[in-house]
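Taking it in order: structure first as structure tokens, then the write-up.
Given the structure is predicted, the values throughout are model-derived calculations rather than measurements.
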Amino acid sequence: GLGIPAEPLFRSGAAPERIPDTLPPPGPFRPVGRLPHDVHADPSGAGHRIGRPPNRKKPITVGKDKLRRFRENLTFPCFIQPAFEEAFGRDHPLKGHWHRDFFRNDRPIVLELGCGKGEYTVALAERDPQRNFIGIDIKGARMWRGAKTVTERGMTNAGFLRTRIEFIESFFAPGEVAEIWITFPDPQLKTRRAKKRLTSPLFLGRYARLLAPDGLIRLKTDSQHLYAYTREVIRHFSLPCHAACDDIYGSGFADEVLSVKTAYERQFLERGLPITYTSFSLGGRTDFPPFDWEGDLAEEKDGEAARRQ
């Protein structure tokens with residue numbers, strides 16, 4: 001198997017009408033919790049109920065292909081989709097037990113935050129069978145691609161966790177994670193949303209509570225603003241910086257791993273945007289007070305006007 005316990009403790013949702021012969025049958029239905037826009041699985045497996053999110057006059061519709069992917073995700077042993085109440089303000093049963101209950105080995109665990117279709121999670125797992133990889137995102141329809149690839153290829157060192165990154169501490173115990181990849185996240189260019197950047201002090205504090213000592217954080221982004229902001233965060237807190245490059249392809253810095261391209265990255269490269277890379281660690285620091293950065297005072301960031309043309 002791909003490391004999921006036989007007991008249906010961490011699975012939720014209904015089985016689709018047809019389950020591939022190579023996969024074990026899913027456990028009984030459990031509410032999947034809050035999905036984007038209050039989309040909930042229908043226990044009959046026939047469809048979904050669409051709720052009305054706050055501040056919206058009309059319900060959100062979901063395409064049939066997305067519904068199919070949502071249902072198929074629930075059949076993948078490598079795919080974890082906890083109910084909202086299993087993660088909000090409490091520890092999930094897998095916290096501290098990923099090695100024992102999911103991967104069934106003691107190899108280092110690497111996370112990809114905002115994994116999208118899981119290109120990096122799959123590629124890293126294929127290149128390094130001596131480590132375990134978990135892609136994390138809230139977009140289940142996108143994650144379907146990575147989870148399906150892992151299942152079809154019979155990979156045992158890769159998994160996917162569908163949850164909000166803000167809930168990450170509910171899933172991983174101190175020191176349980178060896179490394180974090182952040183691949184093409186939303187740069188959150190508006191100053192009032194700076195704290196939502198995945199390299200902000202708020203998130204570094206979260207990472208500090210689950211990373212092993214000297215665990216690496218790797219950021220790959222097309223956003224020059226996020227790259228500069230991350231460099232300032234590193235400088236402000238005097239963190240160890242292991243690598244920083246503002247154009248990994250133009251400079252020849254990209255190695256085999258950095259040359260793995262996500263769907264977003266291919267779009268950015270087609271538009272001639274340089275890809276940046278930063279690698280740093282927290283140096284044993286656990287406290288990261290918020291601070292203001294003068295770079296956020298710029299009226300235009302990342303050439304927004306040119307990008308809109």
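Atom CD of Gln267 is separated from atom OG1 of Thr262 by 8.5 Å, given to the nearest 0.5 angstrom. Atom CG of Asp255 is separated from atom OH of Tyr277 by 7.5 Å, given to the nearest 0.5 angstrom. Remark: Arg231 CZ to Asp246 CG distance equals 9.0 Å, nearest 0.5 Å.
Residue Cys241 comes nearest to Phe280 through the heavy atom pair CA-CB, 4.1 Å, listed as atom of the first residue, atom of the second, then distance. Taking every heavy atom of both residues into account, Thr121 and Gly135 meet most closely at OG1-CA, 3.4 Å. Residues Phe102 and Pro77 come closest through the heavy atom pair CE1-O, 3.9 Å. Between Gly116 and Asp137, the closest heavy-atom pair is N-OD2, 2.7 Å. Of all heavy-atom pairs spanning Tyr229 and Ala194, the tightest one is OH-O, 4.0 Å. Annotation for Leu161 and Pro82: closest pair CD1-CD, 4.0 Å, computed over non-hydrogen atoms.
Residues Ile165 and Leu198 have side chains in contact (heavy-atom distance under 4.5 Å, counting atoms from C-beta outward). In this structure, Lys220 and Glu265 have side chains that are in contact, with non-hydrogen atoms separated by less than 4.5 Å. Residues Val110 and Ile134 form no side-chain contact, since every pair of their non-hydrogen atoms from C-beta on lies 4.5 Å or further apart. A heavy-atom distance below 4.5 Å is not found between the side chains of Pro108 and Val177. Side-chain contact between Met143 and Arg162 is present, with heavy atoms from C-beta onward closer than 4.5 Å. Under the 4.5 Å side-chain criterion, counting only non-hydrogen atoms from C-beta, Phe160 is not in contact with Gln81. Pro174 has its side chain out of reach of Arg209: every pair of non-hydrogen atoms, C-beta onward, lies at least 4.5 Å apart. At a threshold of 4.5 Å between non-hydrogen side-chain atoms, the residues Ile168 and Leu113 count as touching.
No continuous path of hydrophobic side-chain contacts links Ile180 to Tyr227 [ILVMFWY only; heavy atoms under 4.5 Å]. At a threshold of 4.5 Å between side-chain heavy atoms, the hydrophobic network of Ile, Leu, Val, Met, Phe, Trp and Tyr places Leu216 and Leu124 in two separate groups.
Between Arg153 and Glu126 there is a salt bridge, since at least one side-chain N of the basic residue sits less than 4.0 Å from a carboxylate O of the acidic one. With respect to Lys261 and Glu119, no salt bridge is recorded, no charged nitrogen being found less than 4.0 Å from a carboxylate O. Taking a cutoff of 4.0 Å between a charged side-chain nitrogen and a carboxylate oxygen, Glu232 and Arg235 qualify as a salt bridge. For Arg90 and Glu85, the salt-bridge test fails: no basic side-chain N is under 4.0 Å from an acidic carboxylate O. A salt bridge between Arg266 and Glu270 is absent, with no side-chain N of the basic residue lying under 4.0 Å from a carboxylate O of the acidic one.
Side chain of Asp296 to backbone of Thr191: no donor-acceptor contact under 3.5 angstrom is found. Judged purely by atom type and a 3.5 angstrom limit, Asn73 uses its side chain to pair as donor or acceptor with the backbone of Gly140. Not one N or O on the side chain of Arg206 forms a donor-acceptor pair closer than 3.5 Å with the backbone of Pro201. Using modelled atom types, one side-chain atom of Asn132 and one backbone atom of Arg107 make a donor-acceptor pair closer than 3.5 Å. Side-chain N or O atoms of Glu176 include one that pairs as donor or acceptor with a backbone N or O of Ala173 at under 3.5 Å. The closest donor-acceptor contact from the side chain of Asp302 to the backbone of His225 lies under 3.5 Å. No donor-acceptor pair closer than 3.5 Å links the side chain of Arg164 to the backbone N or O of Glu166. Here the side chain of Glu152 pairs no donor or acceptor atom with the backbone of Thr149 at under 3.5 angstrom. In terms of modelled atom types and a separation under 3.5 Å, the side chain of Asp222 and the main chain of Ile275 share no donor-acceptor contact. Of the possible donor and acceptor atoms, none in the side chain of Arg69 sits under 3.5 Å from a partner among the backbone N and O of Trp144.
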(request) For the pair Thr199 and Thr278, evaluate side chain to side chain contact (heavy atoms under 4.5 Å, CB included) and give the outcome as yes or no after the intermediate values. (result) CA-CA 11 Å; Thr199 55; Thr278 311; over 6 Å; no
Worked verdict on Glu169 versus Lys95 for salt bridge (charged side-chain N to carboxylate O under 4.0 Å, His left out): CA-CA 8 Å; Glu169 292 175 76; Lys95 182 174 181 177; over 6 Å; no
*Worked check of side chain to side chain contact (heavy atoms under 4.5 Å, CB included) between Ser223 and Leu189*: CA-CA 9 Å; Ser223 170; Leu189 296 180; 4.3 Å; yes
Check the pair Arg145 / Val122 against side chain to side chain contact (heavy atoms under 4.5 Å, CB included), numbers first and verdict last.
-> CA-CA 10 Å; Arg145 179 63 269 170; Val122 173; over 6 Å; no
Exercise for review: Test Ile182 against Tyr207 for side chain to side chain contact (heavy atoms under 4.5 Å, CB included), laying out the working first.
Suggested key: CA-CA 12 Å; Ile182 306 171; Tyr207 306 154; 3.9 Å; yes
Carefully, step by step, assess Phe133 and Tyr120 under the rule ring-ring contact (aromatic ring centres under 6.0 Å, His included).
CA-CA 9 Å; Phe133 297 85; Tyr120 247 88; 10.0 Å; no
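Checked options Phe171, Phe167, Phe84; the residue passing with His92 is Phe171 (criterion: ring pair (Phe, Tyr, Trp, His ring centres under 6.0 Å)).
At most 12 non-hydrogen atoms from other residues, nucleotides or ligands lie less than 6.0 angstrom from CZ of Phe88. Remark: Asp91 CG is packed, more than 12 non-hydrogen atoms of other residues, nucleotides or ligands lying under 6.0 Å away. The environment of Asp292 atom CG is sparse: at most 12 non-hydrogen atoms of other residues, nucleotides or ligands sit within 6.0 angstrom.
Side-chain polar atoms of Gln224 and Thr276 form no donor-acceptor pair below 3.5 angstrom.
In summary, the aromatic rings of Phe237 and Phe291 are positioned with their centroids under 6.0 Å apart. Checked against the 6.0 Å centroid criterion, the rings of Phe288 and Phe203 do not qualify as a close aromatic pair.
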